[in-house]
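Here is the structure we will look at.
Atoms within each ligand, like the ligands themselves, are counted from 1 in listed order.
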Amino acid sequence: MRGGTSKGAYFLAEELPDDPRERDDLLLRIMGSPDPRQIDGIGGAHPLTSKVAVVRRREDGVGYLFLQVAVDSASVSAKQNCGNLLAGVGPFAIERGLVEPEDGTTRVPIALENTGGRAVARVATPGGRVEYDGETRIDGVPGTAAAVVLDFLDTAGSSCGALLPTGNERDLVDGLWVTCVDNGMPTVLLRAADLGLAGDESVEELEADERLRARLERVRSAAGRLMGLGEVRETTVPKMTILSPARSGGTVTTRTFIPHRCHSSIGVLGAASVAAGVRLPRGIARDLVGEIGTRMSIEHPTGAFEVELEVDEDGAIRRTGAVRTARPIMDGVVFPRPRR
Ligand code: NQM
């Protein structure tokens with residue numbers, strides 16, 4: 001299925017091995033990793049198209065475990081969430097009979113097994129059938145489709161234990177001022193100008209800049225430790241988001257490394273974390289953004305991502321909302337590469 005701006009293989013948990021090592025070995029052989037082209041599997045040769053969703057029935061809805069299958073190494077990581085693949089979980093759960101559809105809209109409560117959070121997906125189900133066609137456009141996906149509305153209920157500190165994992169709104173790391181934030185995705189915010197960038201460079205330009213990538217990795221490694229994530233060289237979090245003033249009337253312009261490739265748009269929880277980070281009064285982005293309301297438009301290389309934050313009187317984030325679309329692309333039998 002395409003889920004938001006990502007694409008992945010969705011499985012019922014009961015159809016995969018229980019043992020995580022066996023499961024991961026099977027998924028590597030299904031996706032065709034390790035191989036930069038994933039030529040012998042169904043992966044799309046980019047982290048955004050080498051993803052897996054494992055869905056199971058629960059008393060209070062469904063459970064969703066996200067697995068990032070590395071492209072050019074033999075590793076599968078459960079250390080992060082993916083709000084984009086999440087968009088397909090509600091429709092998949094209804095299609096597979098895990099959730100009874102309503103006539104109109106079906107609310108699917110989803111336990112985020114990677115981080116322990118909760119989300120609710122609202123799926124269009126006129127006449128009790130999932131509707132994929134619709135008028136909703138999300139930047140980074142051609143055409144329009146039916147909206148899947150996602151509400152995240154307790155994302156602050158999902159992986160690091162606190163919205164501000166270092167305890168500070170800004171930290172000096174490897175000579176750069178950064179804001180470390182976790183509103184569903186551990187993210188390090190940096191200012192483009194501090195890196196000698198304008199901030200609206202193309203994905204290709206940024207990926208070709210080896211000095212920049214090496215610098216980002218040094219900052220990431222030190223910030224990861226400060227955020228309580230330990231040694232992050234082999235993990236996909238924290239993400240690195242470079243900020244500059246908005247170009248198209250939004251809140252801020254972003255370029256995000258996830259963490260080694262530059263995202264063609266931005267992750268859902270990545271955008272939720274940026275939204276939470278740019279509103280901090282002493283954060284590094286405060287002078288880059290104007291007046292901030294509950295709705296923020298996070299600009300990215302292929303458009304903008306709207307995030308809605310519901311904040312308590314004491315400043316705590318109660319709910320994070322986002323609109324996505326999803327679509328099944330094929331349904332059937334996959335033939336894993338045999339074990340060597
Ligand atoms: O942040 C990419 C994506 C993601 C993750 C990544 C995501 C999220 O765009 O919720 O969706 O940051 O690795 O799918």
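On a distance-only criterion, H263 and ligand 1 share at least one N/O pair closer than 3.5 Å. Distances between N or O atoms of L269 and those of ligand 1 include at least one value under 3.5 Å. Checking only distances, G83 does come within under 3.5 Å of ligand 1, N or O to N or O. For ligand 1, the polar-atom distance check against I258 finds no nitrogen or oxygen pair separated by under 3.5 Å. Considering backbone and side-chain atoms alike, V268 places an N or O below 3.5 Å from some N or O of ligand 1. Ligand 1 has no nitrogen or oxygen under 3.5 angstrom from a nitrogen or oxygen of Q68.
For R213 and D209, the salt-bridge test fails: no basic side-chain N is under 4.0 Å from an acidic carboxylate O.
Using a 3.5 Å distance cut-off with no hydrogens or angles, the side chains of Q68 and S50 do not pair a donor with an acceptor. Counting only N and O atoms by type, the side chains of T5 and N84 include a donor and acceptor under 3.5 Å apart.
Shown here is R319, whose CZ atom has more than 12 heavy atoms of other residues, nucleotides or ligands within 6.0 Å. Atom CD of E234 has 12 or fewer heavy atoms from other residues, nucleotides or ligands within 6.0 Å.
Shortest contact from atom 6 (C) of ligand 1 to any protein heavy atom: K239 NZ, 3.6 Å. The protein non-hydrogen atom at the shortest distance from atom 2 (C) of ligand 1 is K51 NZ, 3.5 Å.
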